[in-house]
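Only one structure is covered here, and it is reproduced in the block below.
Values in this document were obtained by computation on a predicted structure and should not be read as measured data. Numbers restart at 1 for each chain; the letters A, B, ... are given by sequence-line order, proteins then strands.
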Amino acid sequence: MNSYDENDAFEAAAAPQPAGLSLSQRAMAARPAPYMDGLNPAQRAAVEAMDGPVLMLAGAGTGKTKALTTRIVHMLNTGRANPNEILAVTFTNKAAREMKDRVGRMMGGADGMKWMGTFHSISVKILRRHAELVGLKSNFTILDTDDQLRLLKQLIAANSIDEKRWPARMLAGLIDSWKNRAWTPEKVPSAEGSAYNNRGTELYAQYQKRLLDLNATDFGDLLLHTVTIFQTHPDILAQYQRWFKFILVDEYQDTNVAQYLWLRLLAQAHKNICCVGDDDQSIYGWRGAEVGNILRFESDFPGCHVVRLEQNYRSTPHILASASAVIAGNSGRLGKTLWTDETEGEKLRLIGHWDGEEEARWIGDEVEALQRGTRHMDPHSLDDMAILVRASHQMRAFEDRFMTIGLPYRVIGGPRFYERAEIRDAMAYFRLAISPADDLAFERIINTPKRGLGDKAQQSIQRTARDGGMPLLNGARRLLGDGGVSGKGAGQLRAFTEGMARWHEATLVPDYNHITLAEAILEESGYIAMWQNDKTLEAPGRLENLKELVKALEQFENLQGFLEHVSLIMDNTTEEQGAKISIMTLHAAKGLEFPAVFLPGWEDGLFPSQRSMDESGKKGLEEERRLAYVGITRAEKLCTISFAANRRVYGQWQSQLPSRFIDELPSAHVDILTPPGLYGGGFGAAAPAPKLEERVAQADVYNSPGWRRMQDRAAQRGTSQPREAKNTVIDLAAVSSFTIGDRVFHQKFGYGTIGGIEGDKLAVEFDKAGPKHVVAGFVTAADQSHDLPF
DNA sequence: TTGTGGGTCTTTTTT
DNA sequence: AGACCCACAA
C-alpha cells in the first residue's frame, strides 16, 4: 500500500457536487440543531459565522475545541461543505486525533474528513501528489533530526569546516529557522550572509541539493516545498483553493511564517478561514512561531468576524484572577477578560522552601495529603494532579523523591518512543530491508551491533559505492567480492549483506507476514543479542521497547505502511495502567487541565529563564509570562506555586530570588503558607518582606535548644563559643562561606538572603573583616533566617 | 577497532 | 553534577 495513493480525495472533488441544499439538509437547518445545545452565545456566534474570515479568540478553558468541532458539524449538517472539502489543521497529532474523535462522536463517524490533520501530514499528502515539481519523486522519505544531523556533519566535513567551532547543531538550527520563515536558499536575505562563518547560505544550498539526491525531505521541507509549489504554480494552487471550501486552524498563535503563507495562499480566494487561538498562550516563539500572525489577523483579513470566548468553565475565580493579573503585565495583547460563574474555590497557595529537595519533599507530602483528602479538598486521584516545571532537568528532583516514597508518577514528554536509539536502529534495519538504497539507514546500522567495521572499513565502502555509482549496500557487496575487507569484518559484513538480501526478498512476497519478518530481522542481525548481552541497567528496558515496537506493527498491513506512518507520528502512545501524578514541562502542559497543579521553581533566572531574557529581552520575558499564564490556567481547583531559596545549578549551589511573577500575583487571591519574611525577598505584592529590624526582633535564636547544644559542643571541643551578635546586619558581600545543617556553601553573595529550615545549625565565615572569624547560630521555627541577624 | 578519559556545555519541543 | 563528544591509547 502507498498512503499517497489512498489520499486521492482530490480526484473525488471532480465528482459533481450537490447544488445547494437538499431538502433534508434544509429541514435540518430550519430547526435549532441539537448539537448547538449547551453552547454559550459567543461559542454559538463562532459556530455560525460562515460568511468570511473568522478569528476566534479563545482564552484558556473557554471551550474552544467544543466550538471548533461544533462548527465543523454545523458546516456538514447545513450542507455547506462535504467532509472532504474541509481543511482542518492542528499542530500536533494529539490535537488532530482529539478533533477527529469529537467530530466523530457528534456525527457518528468522521471518515470522510481526509483533510483533518497536522500542517505536516497535510503537506505530505499534497507534496506526494506534486513531488516532481520540486525535484522529488512521490515516494520521497522524510528524515528525522538524527539523519539530518548526520547529513550535515558529512557536508561540514566535506567543506573542511572545523565542526568544533561551527557545530552541526548550529547549522541545523539555522536552516530550520530559515525554513520556518519560508526562505529557500535563494531567498535567504543577504543580511543573514554572515551566519555560520559566512557559509550558512552556501551550506544550506548544498544540503538542499543533497536531500534531492537522496529523494528525501526534512520536516521543514514539507511546508517549504508545498508553499513553493503554491507560489510557482497558480493552477495547482487554484485547484486546492476550490477544493478546500472551508479552512479551520487551531492554535493559530503558534504558526510560523511558512505556515502563515501556506494558509494565506490557500485562503486568499474564498477567505472562508476560521482561526482559533489565544495570543496569551503563544509559547513557541523560540521555534519560529510568530505571535504577530494572530495580532495581525484583522488587517490580513479585513472585515473578519472576531469572536471572543471569555467564559471559563475550568478554573475557580481565584485561579482566573491570578492568571489575569500576571498576564496583564504583557503589552500588545489583543485583550480578553476571563470570567466564570463559579464563586467557590480555594485561593492559590504560595510557599517558599529552603532548597529544591525540601520543595520536592513538601510537594510529595502534599500530594499524599490530597490523595487522602484535606479539610478543603475531597480526596483526589493521582491522575488529577500535575507538577509543571519550566525546564526538564527540574523533573529529576521529583522523580527521585517520588521514587523513595513510592508515589506512582508518569513523566510526560521525556524522550519519545520513536526517538529512542534502539527504536531508530530497529527502524533503520526495516528501512534498509525495504529500500536497499537507503544509505542513511545503512550508515546507522552497519556497525550496530559491532561488526568490526570501523571508520576505515566504512570509508572503503563509501569509496567503492561512489566509484560505482551505487548505494552503500551494493558498494559493500562489491568490496567484499574484490576482497577489499579483511579479517573478522569480512565474515560479519558478508553475513550482514546476505541477511539484507534475504529480508529484502521477503518484503517482495505479496502478503508477507511482516511481524514474523521484523522479528527475524532483529534476531538474525544480532541486534537483539546485542542488548541481551548488555549488562547495563537500561538494557532490559530497551528490549522491552523493541517488543513494544513489534507489537505496534500489528496495526499495519506491512512494514512500508508502518514506516510511512511513523515518520510523521512521533508521539509516545504507551499508556500504562494505574493512577499516577504527571510531571511535565509547562510547554508540554498546554491544552491539558488538572484539578490540582503544582508549579515549583518560581525563581528569577529559572522562571523566568535568564537565558530567555538575555537572548530576547522584553520579548523573551513576555513569552515567559505567557508560560506562567499557561501554567496557572491548567489548574481547575487548586494551584500551588513554590520556590526555593537555594538550588543546585550545574553542580553549584546558588542562592535564588523569588520569581518576579510572584510579585505580580494578586495578594487577595493567594494564601501564603510560609511565615512572611522567611526569605528576604518576601512575596512581592502578595506580602512584602518585613523590615529587617522586625525580623531580627522576632528572631529568638539564642533561646533555642539548638543554640545551647552548639555552646555545649564548642565547650566540649575547646573551640570558641558562638558569638552573640544580635541586631547587627551582615554584609553578605563579605561572606566567604557558610554552613547550614550539614551543607557547606562556598560562595560570594553580592545580594540575597540565606535561610534554613527549623533545626538547621547555621554558621557564617567572613573574610573581609580582618582575620577570618566565625559566627554561629541556630534556625528556629519563628525565624528561618534571612539576612543573618547576629 | 574499541574503550576510556578529559574537555565542553547546559530551556522550552513538534513534526 | 552529568551527559555528550572527541581525541588518544591499547
Polar atom pairs (N or O), protein with nucleotides 5-11 of chain B, under 3.5 Å:
{"from": "B/dT11", "atom 1": "OP1", "to": "A/R611", "atom 2": "NH1", "distance (Å)": "2.7"}
{"from": "B/dT11", "atom 1": "OP2", "to": "A/R611", "atom 2": "NH1", "distance (Å)": "2.6"}
{"from": "B/dT11", "atom 1": "O2", "to": "A/R390", "atom 2": "NH1", "distance (Å)": "3.1"}
{"from": "B/dT11", "atom 1": "O2", "to": "A/R390", "atom 2": "NH2", "distance (Å)": "2.4"}
{"from": "B/dT11", "atom 1": "O4", "to": "A/E615", "atom 2": "OE1", "distance (Å)": "3.4"}

Using a 4.0 Å heavy-atom cut-off across all strands, classify A/L453 as base, sugar-phosphate, or nothing.
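The answer is sugar-phosphate, as A/L453 gets under 4.0 Å only of primed atoms, P, OP1 or OP2.
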Nucleotide nearest [X] (side chain, heavy atoms from C-beta), chosen from [options]:
X: A/N93; options: B/dT15, B/dT13, B/dT2; answer: B/dT15
X: A/K450; options: B/dG3, B/dT12, B/dT15; answer: B/dG3
X: A/T118; options: B/dT13, B/dT2, B/dT15; answer: B/dT15

For a quick test of reading the model, state the closest non-hydrogen atom pair linking A/R451 to A/I445 and the distance between them.
NH1-O, 2.9 Å
When the distance from [atom1] of [X] to [atom2] of [N] is rounded to whole Å, what number comes out?
X: A/N256; N: B/dT15; atom1: CG; atom2: P; answer: 14 Å
X: A/D176; N: B/dT12; atom1: CG; atom2: P; answer: 17 Å
X: A/L127; N: B/dT15; atom1: CG; atom2: P; answer: 18 Å
X: A/D218; N: B/dT13; atom1: CG; atom2: C1'; answer: 16 Å
X: A/I142; N: B/dT14; atom1: CD1; atom2: P; answer: 17 Å
X: A/Q394; N: C/dG2; atom1: CD; atom2: C1'; answer: 16 Å
X: A/K590; N: B/dT15; atom1: NZ; atom2: P; answer: 12 Å
X: A/R150; N: C/dC5; atom1: CZ; atom2: C1'; answer: 16 Å

Please enumerate all residues that pass salt bridge (Lys or Arg N to Asp or Glu O under 4.0 Å) together with A/D280, with sequence neighbours excluded.
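Partners of A/D280 by the salt bridge (Lys or Arg N to Asp or Glu O under 4.0 Å) criterion, ordered by chain and then number, come out as A/R333, A/K336.
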Ring-ring centroid check A/W286 A/Y284, cutoff 6.0 Å
yes
Assert yes or no for the condition that the ring centre distance of A/Y240 to A/H130 is strictly below 6.0 Å.
yes
Taking only residues two or more places apart in sequence, or in another chain, which ones meet A/Y207 in a ring-ring contact (aromatic ring centres under 6.0 Å, His included)?
none
NZ/NE/NH1/NH2 to OD/OE distance under 4.0 Å, A/R390 and A/E624:
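So A/R390 pairs with A/E624 through a salt bridge.
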Looking at A/R396 and A/E399, is there a salt bridge between them, counting it only when a charged N and a carboxylate O are closer than 4.0 Å?
no
P gap between B/dT13 and C/dC4, integer Å:
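About 16 Å, rounded to a whole number of Å.
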Counting only side-chain nitrogens and oxygens, does A/N447 get under 4.0 Å of the OP1 or OP2 atom of B/dT2?
yes
Contact nearer the 5' end of DNA chain B, comparing A/R451 with A/E623:
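That would be A/R451.
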